[in-house]
Trainee: 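I'd like to ask some things about the structure below.
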Amino acid sequence: REQVFNGFVNSQEFFNLCKEYGITAGYYVSGVASSKQGGVNCFVERLYEVCLGRRSDISGQKTWASALMAGTVTGSSCVHGFLFSAEFTNKNMNDLDFVAYTYRAFFGREPDIPGLTTWMNYLGNGGTREGVFNGFVNSQEFRNLCSSYGIEP
């Protein structure tokens, strides 16, 4: 029965139907607690919306959600995948916008002035965007965000 259910809820037709009604279908993995699946799927969808400015596609949702549930990627490697994806980098944003997106992706909020100033000074003095990422990845605030979705930072 679970295989039949799996076939329906992971189909393109179900994904499209949910999208039509403004619902995130997510990706279902057999044998994983539904409470974990909901958090993981919401985390992935959130990154699509925050970083890429769009809803997920079924292939991307499946790839990221199943990898997070299997433990082959962490929250931080997932965020890295979005922030350094071709789709994101092709936006050609300036450093200020990049730092603001990093705050939204890692912390779910807008940057505070002292933090923004620190990161802009870092970049202005030759720091890299990868360095900004590394500065955010081990923060308690990001660990808390991951915990709220039931995933490993």
Trainee: Who are the side chain to side chain donor-acceptor pair (under 3.5 Å) partners of D97, not counting sequence neighbours?
Mentor: none

Trainee: Nearest heavy-atom pair of L47 and C78: which atoms, and what distance?
Mentor: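 That closest heavy-atom pairing would be CD1-SG, 3.7 Å.
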
Trainee: Please list, chain by chain and in numerical order, all residues satisfying side chain to side chain contact (heavy atoms under 4.5 Å, CB included) with S77, sequence neighbours excluded.
Mentor: V73, T74

Trainee: Tracing side-chain links under 4.5 Å among I, L, V, M, F, W and Y, which residues wind up in one group with I113?
Mentor: none

Trainee: Listing request: all salt bridge (Lys or Arg N to Asp or Glu O under 4.0 Å) pairs with a residue in residues 139-151, at least two apart in sequence or in separate chains.
Mentor: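 The answer is R109-E141.
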
Trainee: Quick one: ring pair (Phe, Tyr, Trp, His ring centres under 6.0 Å) partners of F82, sequence neighbours excluded?
Mentor: Y48, W64

Trainee: List the residues meeting side chain to side chain donor-acceptor pair (under 3.5 Å) with T89, not counting sequence neighbours, and say none if there are none.
Mentor: none

Trainee: Going by the angle between their ring planes, with limits at 30° and 60°, are F142 and F43 parallel, tilted or perpendicular?
Mentor: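 The rings of F142 and F43 sit tilted, inter-plane angle from 30° to 60°.
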
Trainee: Is there a path of hydrophobic side-chain contacts, each under 4.5 Å between heavy atoms of I, L, V, M, F, W or Y residues, that connects V50 with F107?
Mentor: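 The answer is no; the residues belong to distinct hydrophobic clusters.
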
Trainee: State, to 0.1 Å, how close C51 and L83 come at their nearest heavy-atom pair, and which atoms those are.
Mentor: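 Closest approach of C51 to L83, heavy atoms only: SG-CD2, 4.0 Å.
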
Trainee: So, for L52 and S85, which heavy atoms are closest and what is the spacing to 0.1 Å?
Mentor: CD2-OG, 4.0 Å

Trainee: Who pairs with R104 by side chain to side chain donor-acceptor pair (under 3.5 Å), at least two apart in sequence or on another chain?
Mentor: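 Once residues adjacent in sequence are excluded, the partners of R104 under the side chain to side chain donor-acceptor pair (under 3.5 Å) criterion are E110.
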
Trainee: I need the minimum non-hydrogen distance between V137 and N134, along with the two atoms involved.
Mentor: CG1-O, 3.4 Å

Trainee: Sequence neighbours excluded, which residues qualify as side chain to side chain contact (heavy atoms under 4.5 Å, CB included) partners of D95?
Mentor: M120, L123, R129

Trainee: Kindly write out the residues that satisfy side chain to side chain donor-acceptor pair (under 3.5 Å) with E45, not counting sequence neighbours, or none if the list is empty.
Mentor: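 Only R55, S56 meet the side chain to side chain donor-acceptor pair (under 3.5 Å) criterion with E45.
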
Trainee: Of all residues at least two apart in sequence or in a different chain, which pass the side chain to side chain contact (heavy atoms under 4.5 Å, CB included) check with T63?
Mentor: S59

Trainee: Measure the CG-CD distance between D57 and Q12 for me, rounded to the nearest 0.5 Å.
Mentor: 8.5 Å

Trainee: Compute the centroid of each ring, for W119 and then for F98, and state whether the two points are separated by less than 6.0 Å.
Mentor: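 Aromatic pair excluded; centres sit 6.0 Å or further apart.
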
Trainee: Distance-only check: which donor-acceptor pairs under 3.5 Å involve side-chain atoms of residues 144-153, not counting sequence neighbours?
Mentor:
{"residue": "N144", "atom": "OD1", "partner": "Q140", "partner atom": "NE2", "Å": "2.7"}
{"residue": "N144", "atom": "ND2", "partner": "Q140", "partner atom": "O", "Å": "3.4"}
{"residue": "S148", "atom": "OG", "partner": "L145", "partner atom": "O", "Å": "2.6"}

Trainee: With sequence neighbours excluded, give me every salt bridge (Lys or Arg N to Asp or Glu O under 4.0 Å) pair touching residues 19-44.
Mentor: none

Trainee: Is the shortest side-chain heavy-atom distance between T128 and F133 below 4.5 Å?
Mentor: no

